[in-house]
Amino acid sequence: MGIDLPLIWAVIILFGIMMYVVMDGFDLGIGLLFPFFPDKDDRDVMMNTVAPVWDGNETWLVLGGAGLLAAFPLAYSVILSAFHLPLILMLIGLVFRGVAFEFRFKARQGKRRWWDKSFAGGSLLATFFQGMVLGAFLNGLPVRDGVYAGGAFDWISPFSIFTGLGLVVAYALLGATWLVMKTEGQLQTQMRKLARAMTWALLVVIGALSIWTPLAHSAIAQRWFTLPNLLWFSPVPVLVLLATWALLRALRRDGHASPFLLTLALVFLGYSGLGISLWPHVIPPDISIWQAAGPAQSLGFALVGALLIIPVVLMYTAWGYWVFRGKVRHGEGYH
């Protein structure tokens, strides 16, 4: 029995996307929280918690996109054809957010507010359109003769708009709990209050999506509620409730790292539910990873490079976070 290269590449891409959601999610979340904290010193601290590491977080987005092109060229062409507009808007948001990191600290006092708006607006734009792409992807993509057969605006629907708003809530909670871990004093206290409110909001989003998704997509409903998939999926809602309870408890008990780790657990559970809903389709509703895979020679050649580079990325990422561990205080950080 040979090596299942499409399966290996699917795992690599799923891992890369998950790492991006986790690691870029909390710094986008910080941008989403900027409007709630108009004080310059608070904003300085918030940005300084991620300024040394934010650009490395987006490495995983590059890995996911490049891996999709190398391993599943059919999926790459269809997805980019279907979502070129929201992806361009997402990238514009990331550009504005990235430029704001560098220019905000160098701008004169009167001009700094424009970079604050750029940081917050770019974070909102990138997050919302990432969520809309996810919702539209779940809705499915029409493909005829290996070519996307839908319209340029088919990605706009009530479901995709809701998933866009839902991702805003999830990233904002990631950002708030990250700041609970990295800050102290009054700013940390305010973050705890915000995190509690957003935990309840995220629970509502998860509940709504858990009802709406199977009602709107009969194929997903069949996958959820038939054996043996039902046995695999049944622990997920229980674990979501347990993680939510533990998160609210940790926020009440003045936990520092635990709220962020429990938020990561909630995000991972949501991601696992998405995987169960779609597997093994790389273009829903009916094109599998094996149907969309490139030639075996290409998969094998690219896999060698991926297996060499991924451990390096993991090591320098871990080292970066280790070097910049600990609390960030007023007057300290990136300049």
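- Ring geometry for F103 against W115 counts as parallel: the plane angle stays under 30°, on a 0 to 90° scale with 60° as the upper cut.
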Exercise for the section: Run the numbers on D4 and W290 for side-chain contact (heavy atoms from CB on, under 4.5 Å), then give the verdict. Expected result: CA-CA 9 Å; D4 193 338; W290 296 280; 3.0 Å; yes
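- With a 4.5 Å cut-off on side-chain heavy atoms, L179 and M46 count as touching.
- Distance check: I13 CD1 to L69 CG gives 9.5 Å after rounding to the nearest 0.5 Å.
- With M19 as the partner, the side-chain contact (heavy atoms from CB on, under 4.5 Å) test is satisfied by one option alone out of L61, L314, T317: L314.
- Between L274 and L278, some side-chain heavy-atom pair lies under the 4.5 Å cut-off.
- In this structure, the separation between OG1 on T127 and CG on L165 is 11.5 Å, given to the nearest 0.5 Å.
- In this structure, CG on L167 lies 4.5 Å from OH on Y171, to the nearest 0.5 angstrom.
- For F162, the CZ atom sits in a packed shell: over 12 heavy atoms of surrounding residues, nucleotides or ligands are nearer than 6.0 Å.
- V169 approaches L202 most closely through the heavy-atom pair CG1-N, 3.6 Å.
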Identify all side-chain donor-acceptor contacts of residues 294-312 below 3.5 Å with residues at least two apart in sequence or on another chain.
none

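- V147 and V143 are members of different hydrophobic clusters when ILVMFWY side chains are connected at heavy-atom separations under 4.5 Å.
- More than 12 heavy atoms of other residues, nucleotides or ligands sit less than 6.0 Å from atom CZ of R325.
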Handout entry: Worked check of side-chain contact (heavy atoms from CB on, under 4.5 Å) between M191 and F37
Key = CA-CA 10 Å; M191 286 300 168; F37 298 89; 3.2 Å; yes
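- Note that CG of L32 and CG of L173 are 11.5 Å apart. Values are rounded to the nearest 0.5 Å.
- Here the CH2-CH2 distance, from W319 to W322, works out to 9.0 Å after rounding to the nearest 0.5 Å.
- Side-chain atoms of K182 come within 3.5 Å of backbone atoms of G326 as a donor-acceptor pair (strictly under, hydrogens ignored).
- Put simply, V62 and I12 are part of two different groups of oily side chains (I, L, V, M, F, W, Y) that touch within less than 4.5 Å, one to the next.
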Would you list the atom pairs, donor with acceptor, under 3.5 Å between side chains in residues 83-91 and any protein atom, with sequence neighbours excluded?
residue: H84; atom: ND1; partner: S81; partner atom: O; Å: 2.9

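- Nearest heavy atom pair, residue P73 against residue A70, reads CD-O, 4.4 Å.
- Among all heavy-atom pairs drawn from F34 and D116, the shortest one is CE2-OD1, 3.6 Å.
- The minimum heavy-atom distance between M132 and I161, with the atom names listed, is CE-CG1, 3.8 Å.
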Exercise for the section: For side-chain contact (heavy atoms from CB on, under 4.5 Å), just list the numbers for F72 and I289, CA-CA rounded to whole Å, side-chain angles, deciding distance to a tenth of an Å, and then say yes or no. Expected result: CA-CA 7 Å; F72 306 106; I289 59 173; 3.8 Å; yes
Could you go through residues 118-126 and list every donor-acceptor pair under 3.5 Å that involves a side-chain atom there, pairing it with any protein atom two or more places apart or in another chain?
residue: S118; atom: OG; partner: F96; partner atom: O; Å: 3.0
residue: S123; atom: OG; partner: F119; partner atom: O; Å: 2.7

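- With sequence neighbours excluded, the residues satisfying side chain to side chain donor-acceptor pair (under 3.5 Å) with Q188 are H256.
- Note on R43 versus D39: no salt bridge recorded, every NZ/NE/NH1/NH2 to OD/OE distance being 4.0 Å or above.
- There is a side-chain donor-acceptor pair under 3.5 Å between S160 and S157.
- Taking CG from L187 and CG from D42, the interatomic distance works out to 5.0 Å, rounded to the nearest 0.5 Å.
- With hydrogens and angles ignored, the 3.5 Å screen pairs a side-chain donor or acceptor of S77 with a backbone N or O of L74.
- Residues V282 and A75 come closest through the heavy atom pair CG2-CB, 3.8 Å.
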Residues 236-250 side chain polar contacts: donor-acceptor under 3.5 Å, at least two apart:
residue: T244; atom: OG1; partner: V240; partner atom: O; Å: 2.8

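- In terms of the ring-ring contact (aromatic ring centres under 6.0 Å, His included) criterion, residue partners of W60 (sequence neighbours excluded) are, by chain and number, F15.
- No side-chain heavy atom of T49 sits less than 4.5 Å from a side-chain heavy atom of F324.
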Less than 3.5 Å apart, which donor and acceptor atoms pair up between the side chains of residues 23-30 and the rest of the protein, not counting sequence neighbours?
residue: D24; atom: OD1; partner: R97; partner atom: NH2; Å: 3.4
residue: D24; atom: OD2; partner: Y20; partner atom: OH; Å: 2.7
residue: D24; atom: OD2; partner: R97; partner atom: NH2; Å: 3.4
residue: D27; atom: OD1; partner: R97; partner atom: NH1; Å: 2.3
residue: D27; atom: OD2; partner: N57; partner atom: ND2; Å: 2.9

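- The environment of W200 atom CH2 is sparse: at most 12 non-hydrogen atoms of other residues, nucleotides or ligands sit within 6.0 angstrom.
- A single hydrophobic cluster is seen to contain both F153 and F129, as judged by linkage of ILVMFWY side chains at heavy-atom distances under 4.5 Å, directly or through other members.
- Residue L174 comes nearest to V22 through the heavy atom pair CD1-O, 4.4 Å, listed as atom of the first residue, atom of the second, then distance.
- By the salt bridge (charged side-chain N to carboxylate O under 4.0 Å, His left out) test, R196 pairs with no residue at all, sequence neighbours left out.
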Exercise for the section: Carefully, step by step, assess L194 and L33 under the rule side-chain contact (heavy atoms from CB on, under 4.5 Å). Expected result: CA-CA 9 Å; L194 267 176; L33 297 173; 4.1 Å; yes
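- V204 and V267 are assigned to two separate hydrophobic clusters, defined by single-linkage of ILVMFWY side chains at heavy-atom distances under 4.5 Å.
- If you chain together ILVMFWY residues whose side-chain heavy atoms come under 4.5 Å of each other, V11 ends up in a group of its own.
- Scored by the salt bridge (charged side-chain N to carboxylate O under 4.0 Å, His left out) test, K193 finds no partners at all (sequence neighbours excluded).
- Not counting sequence neighbours, the partners of F159 by the ring-ring contact (aromatic ring centres under 6.0 Å, His included) test are W212, H217.
- Counting only heavy atoms from C-beta outward, the side chains of V133 and W155 never approach each other to under 4.5 Å.
- Residues passing the side-chain contact (heavy atoms from CB on, under 4.5 Å) test with D154, sequence neighbours excluded: Y148.
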